[in-house]
Amino acid sequence: MRRGGAVMRPTPIPPHLRKGVACSILLAFVMACNHFNRDAPGVIEEQLRLDQKLDVTPERYSTMTALYFLPSSVVPLLLGLLSAVPESQGGVPSVVVFVGVCVTSGLGNFVAAIGAERASFPTLLAGRGIAGAVYEAVDMTPLGFIPQLLPGRWGTVSGFINGALRLGSVAAFGLLPFAYVGLGGDGGDGARAVFWTCALVGGCMVPAAAMVNRIATGRANALLGLPTAASGTEGEPTRGDPGAIFAADGAMTTAASTTPPPDGLSAAGAALHALRSVPSKFWVYAGGSACMYGAVVPFWLYGAGFLQRAHGYSIDRAGTLMLFPELALCALSVPIGVAVDRFHLTFARCQRWYACGAFTIAASHLGLGLGGDPRFFVLSLGTAYACCNQLTWASFPGVCPKDLMSLGGGVVACCINLACAIVPACIGAIRSGSGDGEELGMFILLCSCGLAAAGVGAALSAGMFDEDEFKYVDMREEEEETRGVRSEWEEA
């Protein structure tokens, strides 16, 4: 490319960021595959019900859905504890756990495809249960290693990954209907084609996850143009191990590390020590995240029906409007993440904007409940949710101790999934008592969750839960002392 007569060459990726960039691209692919498989049965729900061979009744479909999502209220926390325990005390590195959950997911989707092939609902149910047990862990386990591989770029990277995984959901709803019709149609052949497609996609996750493991542990340095382990340097700013990398050139603040567990503890004792080491500020942050997701995700289950009942929308028109929030996540995640890095937004500033977004979510629910224009309020709800979702994960390293990030991701995942199970149950109870036509009680509950999330964000931005034992260090202050070292990395 020429500009003004001069040849412009692409800016090379600095050596100390190459691992993180490569891992991020692979992780985006893996997570997009994960969400593609998660949403696949929803694409053919009606066709499964009409399939005489599988005989997936509404009750069976509800059982399959519950079995897929319910384990995610517990499994990410258990795997986070496993990663938080030192290897000497029985722990497993988070990057190894990540490979394990991807293999498990691939196996589950393969079993589900066999169930569809043999028209065996129990086998299909078992396969979906195996894949569902780890679906949230596939998303959360990388928090234990990827932020440290990209010092100062986590806002941008988290936005890229968030947008990519949502594309997996969009791809499922856009492509699987063609697979169903083109590869079999009704009568069981179409359903088999869909589940075999999921098995193929799940199989693609495994080699990508294995490559992430090789890159993160330094075994693929030659491929990335980095010095090999034998040369004594990894080409990136480490302090002992990949879990102790400091953000030398970024702006997002990072929580200090915790006190390591005493020697001689059992694995259970070390896990309990790690759980107790999580600062109270993080638990508040996790609770606020649960409130925010609880204010939005249940609406996806009821929104289309509400638009048809209350506003006379057709099913196609309601579905089109409800698709906007997913598209907003794809479109806004990266710009928001870039803004976090570009304008050096600290954790407190991220939470301040998060509080504004959560308040907008609450106001949107109130407007819908009071009969406002659904187009305006669904659009505002989707936009605010996209902002809050990205700010939640962009600010994650600023509140979770760096050696407990895998555990922290598990805690947040459990809180979110519990909220997304409890709130719909409460909505069901409200609607059963007031009748399907009475929607205001549902929107008051969702509005309350949004206001709770806004309150938590405002409290965190004001520093109400800061603790002396977990200082939040702005890494820009370390720029001078690390500048010489970074120059050596780049020259290498």
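Computed from heavy atoms alone, side chains included, the values below leave out hydrogens, waters and symmetry copies.
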field: Closest contact, heavy atoms only, Gly115 versus Leu54
entry: O-CD2, 4.0 Å
Donor-acceptor contact present, side-chain Asn34 to main-chain Tyr135, <3.5 Å: yes
message: Closer than 3.5 angstrom, by distance alone: can the side chain of Ser24 be matched with the main-chain N or O of Gly20 as a donor-acceptor pair?
response: yes
task: Decide side-chain contact (heavy atoms from CB on, under 4.5 Å) for Val456 and Cys291; before the verdict, give the C-alpha distance in whole Å, the side-chain angles of both, and the deciding distance to 0.1 Å.
output: CA-CA 9 Å; Val456 169; Cys291 291; 5.7 Å; no
Arg60 backbone acceptor or donor facing Thr57 side chain under 3.5 Å: yes
task: May I ask you to test the Leu82-Leu78 pair for a side-chain heavy-atom distance under 4.5 Å?
output: no
- prompt: Is there a donor-acceptor pair closer than 3.5 Å between any side-chain N or O of Trp154 and the backbone N or O of Trp393?
  reply: yes
query: Within the distance-only criterion (no hydrogens, no angle test), does the side chain of Asp341 pair as donor or acceptor with the backbone N or O of Thr156 below 3.5 angstrom?
result: yes
task: Look at the side chain of Ser395 and the backbone N and O of Thr392, then say whether any donor-acceptor pair between them is shorter than 3.5 Å.
output: yes
- request: Would you check if the side chain of Asn109 reaches a backbone N or O of Ser105 as a donor-acceptor pair within less than 3.5 Å?
  value: yes
query: Has the side chain of Arg153 got a donor or acceptor atom that lies under 3.5 Å from a matching backbone atom of Val338?
result: no
message: Suppose we call two aromatic rings close when their centres sit under 6.0 Å apart. Are His365 and Phe377 close by that rule?
response: no
query: Checking Ser158 side chain against Gly155 main chain: does a donor-acceptor pair fall under 3.5 Å?
result: yes
